[in-house]
4 protein chains.
Amino acid sequence: MSKELAALLMERGIYLHEIAQIVYDLQIGFVPDLTLEYCVEVLTGVLEKREVQFAVLTGVALDKLAEAGLLTSPLQEIIQNDHPLYGIDEVLGLGIANIYGTIGTTSFGYLDKEKVGVIGRLNCNKVNKVNTFMDDLVAGIAAAAAAKIAHASISHIGSNLNSKTVPKS
Amino acid sequence: MSKELAALLMERGIYLHEIAQIVYDLQIGFVPDLTLEYCVEVLTGVLEKREVQFAVLTGVALDKLAEAGLLTSPLQEIIQNDHPLYGIDEVLGLGIANIYGTIGTTSFGYLDKEKVGVIGRLNCNKVNKVNTFMDDLVAGIAAAAAAKIAHASISHIGSNLNSKTVPKS
Amino acid sequence: MSKELAALLMERGIYLHEIAQIVYDLQIGFVPDLTLEYCVEVLTGVLEKREVQFAVLTGVALDKLAEAGLLTSPLQEIIQNDHPLYGIDEVLGLGIANIYGTIGTTSFGYLDKEKVGVIGRLNCNKVNKVNTFMDDLVAGIAAAAAAKIAHASISHIGSNLNSKTVPKS
Amino acid sequence: MSKELAALLMERGIYLHEIAQIVYDLQIGFVPDLTLEYCVEVLTGVLEKREVQFAVLTGVALDKLAEAGLLTSPLQEIIQNDHPLYGIDEVLGLGIANIYGTIGTTSFGYLDKEKVGVIGRLNCNKVNKVNTFMDDLVAGIAAAAAAKIAHASISHIGSNLNSKTVPKS
């Protein structure tokens, strides 16, 4: 299923290595020995999560239906024009971002505001395509992967909660 | 109660006009006629919300208890040192950020990552004071106010959901 | 828009007074002078919220598309058969339930599990219709209205947070 | 850490087998071959999650501080009397309930409303002890364990998302 999901993303113009680059940029400041290969590996794990698959399938379906003009008014116009208060796209993205805990929310909010990398490209490309959900889905996937890397890199601290030597963040 | 809450924030070194500046900077790009005075007014409304008051009272209490060394181990060390995976501070901040809908989550995530203005100052000042909760509470308050301003400024669009003239974001 | 939303619900076989009955049953134990009329009034207010409208429009669209067999596989089968782990329906319902704070989550969880009143009827009626989203949307709307009534009935306590006479719950 | 957490719960009068009974009752209707032993095993896994540990440590600390009268007014009265709109206890409980996805929210809402088993006992016992957080923490732990069991029992369906034979729920 993870492969089929990657294929679905590719069909919508998103390549895994582009998302990996976002994850890398988010975490390299905290995890100096991070590699792009490891980011791809973590992303593949994120795409294997059923909740992620359900959110992506739903969001992409709505983008494609709006693209084909198959939704009824007013939802057709709302999604087609990425209505600034719609929010359901963000809710699906956040649902993905949070699969490894609320730590993913921060990165999601940052990516959603800064429109980093492929996310910015998606958000601008509104001539031929509807990407109302896609940019939030990608931000959610990248944020979840960043959260997983953060958890893994800090886990040696967590195993030691009872000691008085927990380092400052 | 809003006044008492502002006093509690002041006791912890936070002035309303500093939070207003963050709100202003977040929204001036979208709302060109925004003023600092209006940001203060909206912030006052946020501080009147009971959910916000409960979150602030709880977070500040934990910061002060940790500062006084009155918590038991390991919670004392976790909060005193702002353990990077702790997350309860972020959960309280997010609860505030979302009182006007998920639109506040984005700004919260951005502020939490970028440590803008007074939030950055709080996050660094760890010599004499514990501000583990305070920076997330302030980010939540600023994000909620920004969300309220965004809602108000776009509401003329929303009143017209059935028309086909919803503008692009 | 609130009227158009009520019409959309009616088209899907849901009458406002049925939702009002659920709200009444949830709150009558706490608010002895509650009336069905007041529940309808509060529900009308809930349906006027833009976030609620967006969630209902999206969920109903997906139910109708699945009913018409217009989604692509595997999303078509997932929504048509109300896949037990799908969860996006619940996420939209929760988004509605929480518009007046997390207090709505409890009622949503209860209604979602107990399938009270019209929600139960929706959940069973799977011969001709797809109601994968509708039962969660109705549970969310009822839970939000119940939360609003709860807030209003307890607000005289809240105005007095500084006194030491806050009554036991 | 899981053992220390179980000890902390025991100190507050909660035994793992009591929580296991709640989990068992929630899931036996869906998983006919479920055993109490398996519920204990899943619960132990839940207690090993760092997010759960942080939430429990924080909530129990606040309960104990309120019990000892060590919080300042008005937070002391709010937590001591379990103010019906406080909500931070519920937020921590929900954070635990959702560690395996939103599916835990439903059970949490149900347990929070019905006050099943040990949760009801906690909620009533307000003579000597403050259990404002504890009942929500226990409901969250039970709901998370129930969600994990639900996921495991349905996973053979999920592995087959592309087939058209997904059974009805």
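Heavy-atom basis, side chains included; hydrogens, waters and symmetry copies ignored. What you are looking at is a predicted structure, and each value in this text was computed from that prediction instead of being measured. So you know, we letter chains A, B, ... as the sequences are listed, proteins then strands, and number each from 1.
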Region of [X] in contact with chain B, defined by heavy-atom distances below 4.5 Å:
X        : answer
A:Leu75  : neither
A:Ile88  : neither
A:Glu114 : side chain

Under 4.5 Å from any heavy atom of chain A - which part of B:Leu111: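 Neither part, no heavy atoms under 4.5 Å.
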Pairwise distance CG(B:Leu94) to CG(A:Leu94) - rounded to 0.5 angstrom: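 Reported to 0.5 Å precision, the distance equals 8.5 Å.
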Supply the atom-to-atom distance A:Thr106 OG1 to B:Phe108 CZ, rounded to the nearest 0.5 angstrom.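 Going from the OG1 atom of A:Thr106 to the CZ atom of B:Phe108 covers 6.0 Å.
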Do B:Thr105 and A:Glu90 meet the criterion of a side-chain donor-acceptor pair at a distance under 3.5 Å?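 No, because no side-chain N or O of B:Thr105 sits under 3.5 Å from a partner of the opposite role on A:Glu90.
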